[in-house]
Amino acid sequence: MSSPVVTRIAPSPTGSMHIGNARSALFNWLYAKHTGGKFLLRVEDTDRERSTEASVQVIFDSLTWLGLMWDGEPVFQFARAPIHKAAVQRLLDAGHAYHDYLTVAEADALKEESRAAGHALRSPWRDRKPGPTEEGKPHVIRFRTPDEGDTVVEDKVRGTVRFPNKDIEDFVLMRTDGTVIYNLAVTVDDHDMGVTHVIRGEEHLSNGGRQTLLYKALGWDVPVFAHLPLILGKDGGKLSKRHGAQSVGDFREMGYLPEGVRNYLAKLGWGHGDDELFTDEEAIAWFDVVDVVKAGARLDFDKLNHVNNWHIRRADDTRLAELVLPILRDERHLALPDDALARLEAAIPLVKEGAKTLQELADLSLYAIKVRPLALDDKTIGNLTDETRGRLARLVEALRGANDWTPQGLQDLLKAFAESEGVGLGKIGPALRGVLSGGVQAPDLGSALASLGRDESIGRIQDALSHLR
RNA sequence: GGUCCCUUCGUCUAUCGGUUAGGACAUCAGAUUUUCAAUCUGGGGAGAGGGGUUCGACUCCCCUAGGGACUGCCA
């Protein structure tokens, strides 16, 4: 009965993709998936200064990494300039727009006057035909905003929002150089792309009024609008670099999983009862724009960490190992053994419960990929008393004979060994830990031994016993 | 200045006129302990203020205060 939903994300290439933009993309994606509709991408590259090939690529990369794949080919706004111009001409022909020969300075002065008079800018040129002096002179084309009445935006999250027309200025549609302005381009493109639901940041709410005016003047159906609350920084201010992260790339570098970011972002400004941690399938099944919250939300890394940890726990270990490996190799410049990937795969399931990010997962699994002989930290060296050395040597024998090389089996073996030595585990644990890990974090000893394997474990212990005297 | 939006624990939120105002993160205390975590148990913590409407308001209306967006020949 109702036409299929079409949503879109329309970022402009600025060199990075803001996380707020990413959330808009997510909500559009979720809503399209939820309704079985389409999610389109339009690159707003009309600002030729900033629109480099590289910054366009950032948009593709950011969305791809986030797992928000768009349907069909992306639309490039700049390429549609002739269509935009035709729309302006239609507006001109219908009397909804006019040529304005005011200079920038004159327009500024007039805005001041209008403001003082209690209304927005209305150019004298709206009812004046260019004379011989103006013919051929540079000028802009402005929209003829109605003087009376209100423009109403039926917003899915904010309800009915009315803008008095007298307070909406005769905004520019086409610049002196013949290129069109944002509001015109967006309206024409959204219409041509068949967009049914415009879901975007709250900063566009007042543009919703101007665009509604354009849709009506052009004789088109107005799409459903839904304006999302802003994402704020920890201090409640606008999210910026000083808050630690603001672009999709930042979050990626900090070691967040795309599904973790999706989950957290979805929770930021939208909710489904008490559900906090969920999969994409659940989010898609539950999502609806009418459930979006109105107030701006602060980005909280503690909560993000918690959400991300949940997704790391349920992520595939091979995938995690493949993500952690380059961090260790390329970011930390560590020399890795040939079987590094296999070692990481063995270690990750033992340590991932405590990892909030991939960076932490790298810290926690670092012990596993160290190359023998390990450099020992001072604390461990201090622990290697003659007494302890004797015990470790005897432990090596016990390990050689171990027939249950599993975390639990080895845990039991250690307990039994400590007992046979007549001491508590605390007497041998710290030294063994240091010798096995080289001083970095490692899981409990049974798990550490199990993940390292018999040869590597015994080798590391013997290295310590022989290399240090 | 004008227009518009917003306002429940520190943070994200639930509540859709009747609840001891619920949950999550964070925090605090305890348990556990071979590092760091993780885990378990328990605790503290909220309706911006003022008026209405109503038998009854966090919930509806108005005012004030505070925060934010827009007010570009940027998007």
Side-chain angles (χ1 to χ4, degrees), chain A residues 10-14 44-47 49-50 77 100 102 104 107-108 111-112 114-116 118-121 138-142 153 155 157-159 161-164 166-169 171-177 179-183 185-186 201-210 227 229-230 232 234 236-238 264 267-277 293-307 309 313 351-356 360 363-364 379-380 411 414 418 424-434 437 439-446 448:
Chain A
S12 56
T14 59
E44 310 227 317
D45 56 349
T46 51
D47 184 336
E49 298 280 303
R50 292 189 288 180
Q77 190 163 63
D100 178 49
L102 247 31
V104 174
D108 286 346
K111 277 182 196 179
E112 288 300 317
S114 303
R115 179 180 288 190
H119 62 260
L121 175 72
H139 63 279
V140 297
I141 293 172
R142 286 184 187 274
V153 174
D155 192 281
V157 350
R158 270 144 230 290
V161 181
R162 345 178 67 92
F163 299 94
K166 74 174 178 63
D167 294 314
I168 301 176
E169 72 169 19
F171 50 95
V172 172
L173 297 175
M174 187 180 282
R175 303 181 182 91
T176 312
D177 67 3
T179 58
V180 300
I181 252 43
Y182 171 75
N183 279 303
V186 166
E202 190 190 351
E203 69 270 24
H204 288 295
L205 184 53
S206 48
N207 283 326
R210 298 184 191 99
H227 289 93
L230 265 23
L232 281 10
K234 186 87 182 165
K238 200 168 178 176
Y264 177 72
K267 265 299 295 173
L268 204 59
W270 169 81
H272 184 261
D274 283 341
D275 296 303
E276 301 273 347
L277 304 166
V293 168
K294 294 186 176 81
R298 303 174 192 217
L299 185 62
D300 178 8
F301 282 95
D302 286 326
K303 188 73 164 259
L304 206 209
N305 284 338
H306 178 255
V307 171
N309 171 254
R313 286 171 180 237
V351 302
K352 66 181 188 177
E353 304 229 323
K356 295 189 271 292
E360 289 189 5
D363 291 333
L364 294 169
K379 188 179 159 199
T380 301
Q411 185 64 41
L414 285 175
L425 235 193
K427 212 65 176 138
I428 188 153
L432 177 58
R433 169 177 295 286
S437 70
V440 300
Q441 288 182 33
D444 70 86
L445 293 174

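Chain letters run A, B, ... following the sequence lines, proteins first and then strands; every chain starts at 1.
Contact annotation for A/N207: base contact, defined as any heavy-atom pair under 4.0 Å involving a base atom. Note on A/A442: a base of the nucleic acid sits closer than 4.0 angstrom, heavy atoms only. A/H119 comes within 4.0 angstrom of nothing in the nucleic acid, heavy atoms only. Within the nucleic acid shown, A/V172 comes within 4.0 Å of sugar-phosphate atoms alone, with no base atom in reach, counting heavy atoms only. At the heavy-atom level, A/V161 lies under 4.0 Å from the strands shown only through sugar-phosphate atoms. A/D444 comes within 4.0 angstrom of a base, heavy atoms only. Residue A/E112 is classed as having no contact, given no heavy-atom separation below 4.0 Å to the nucleic acid. Contact annotation for A/F163: backbone-only contact, meaning every heavy-atom pair under 4.0 Å involves sugar-phosphate atoms and none involves a base.
With sequence neighbours left out, A/D274 forms a side chain to side chain contact (heavy atoms under 4.5 Å, CB included) with no residue at all. Under the salt bridge (charged side-chain N to carboxylate O under 4.0 Å, His left out) criterion, A/D108 pairs with no residue at all, not counting sequence neighbours. Taking the ring-ring contact (aromatic ring centres under 6.0 Å, His included) definition, one finds that A/H204 meets it with A/Y182, sequence neighbours left out. Not counting sequence neighbours, A/D444 has no partner by the salt bridge (charged side-chain N to carboxylate O under 4.0 Å, His left out) test. Partners of A/E203 by salt bridge (charged side-chain N to carboxylate O under 4.0 Å, His left out), not counting sequence neighbours: none found. For A/R158, the salt bridge (charged side-chain N to carboxylate O under 4.0 Å, His left out) partners at least two apart in sequence or on another chain are A/E202. Not a single side chain to side chain contact (heavy atoms under 4.5 Å, CB included) links A/K238 to another residue, sequence neighbours left out. The side chain to side chain contact (heavy atoms under 4.5 Å, CB included) check on A/R433 picks up A/S437, A/A442, A/L445, with sequence neighbours excluded. Remark: A/A107 engages A/L102, A/R142 in a side chain to side chain contact (heavy atoms under 4.5 Å, CB included) (not counting sequence neighbours).
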**Request:** Starting at the 5' end of nucleotides 6-16 of chain B, put B wherever the base has a protein heavy atom under 4.0 Å, S where only the sugar-phosphate does, and a dash everywhere else.
**Result:** SS---SBSS--

**Summary of protein contacts for nucleotides 38-49 of chain B, nucleotide by nucleotide, where a base hit scores B, a sugar-phosphate-only hit scores S (4.0 Å, heavy atoms)** = SS----------

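Base pairing of B/U20: no nucleotide in any strand meets the Watson-Crick or G-U wobble criterion (both distances under 3.5 Å). If you check B/C58 for Watson-Crick or wobble pairing at under 3.5 angstrom, you find it has no partner at all. Applying the Watson-Crick and G-U wobble criteria (two distances, each under 3.5 Å), B/A48 pairs with B/U64. Across the strands present, B/C9 finds no partner; the criterion is a Watson-Crick or G-U wobble pair with both atom distances under 3.5 angstrom. The base-pairing partner of B/G30, taking Watson-Crick or G-U wobble contacts with both distances under 3.5 Å, is B/C40. Taking a pair to require two hydrogen-bonding distances under 3.5 Å in either a Watson-Crick or a G-U wobble arrangement, B/G1 pairs with B/U71.
Residue A/L277 contributes atom CG, which lies 11 Å from atom P of B/A24 at whole-angstrom precision. For the pair A/H139 NE2 and B/C73 P, the interatomic distance rounds to 15 Å; values are reported in whole Å. The distance between atom CZ of A/R210 and atom C1' of B/A69, rounded to the nearest whole Å, is 11 Å. Taking atom CG of residue A/L414 and atom C1' of nucleotide B/U33, one finds them 15 Å apart after rounding to whole Å. Distance CG (A/L230) to C1' (B/C4): 13 Å, rounded to an integer number of Å.
A sub-4.0 Å separation between OP1 or OP2 of B/G72 and a side-chain N or O of A/K111 is present. Checking the phosphate oxygens (OP1, OP2) of B/A75, a side-chain nitrogen or oxygen of A/T46 falls inside 4.0 Å.
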Under 3.5 Å between N/O atoms: give me all the protein pairs with nucleotides 62-64 of chain B, atom names plus distance.
none

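Between the base of B/C73 and the side chain of A/T176 there is a donor-acceptor pair shorter than 3.5 Å. For B/U3, the base has no donor-acceptor partner in the side chain of A/E169 [N/O atoms by modelled type, under 3.5 angstrom].
Separation of atoms CD (A/E44) and OG1 (A/T14) is listed at 12.0 Å; rounding is to 0.5 Å. Between the CG atom of A/L414 and the CG atom of A/L432 there is a distance of 6.0 Å, given to the nearest 0.5 Å. Here the CG-NZ distance, from A/L364 to A/K352, works out to 12.5 Å after rounding to the nearest 0.5 Å.
Nearest nucleotide to the side chain of A/L205, out of B/A75, B/C4, B/U71: B/C4. Among the nucleotides B/C5, B/C36, B/C73, the one closest to any side-chain atom of A/R142 is B/C73. You'll find that the side chain of A/D47 is closest to B/A75, out of B/A69, B/A75, B/C4. Taking every side-chain heavy atom of A/L445 into account, B/U34 is the closest of B/C36, B/C5, B/U34.
Remark: the A/H227 side chain and the A/D155 side chain contain an N/O donor-acceptor pair separated by less than 3.5 Å.
Within the 4.5 Å cutoff, the side chain of A/L299 has heavy atoms near those of the A/L268 side chain.
Rounded to whole Å, the C1' atom of B/U64 lies 26 Å from the corresponding atom of B/A21. With C1' as the reference atom, B/C16 and B/G47 are 15 Å apart, rounded to whole Å.
Comparing A/V180 and A/A355 along RNA chain B, the residue whose closest nucleotide (by nearest heavy atom) sits nearer the 5' end is A/A355. Closest-nucleotide positions on RNA chain B for A/R162 and A/K238 were compared, and the one nearer the 5' end corresponds to A/R162.
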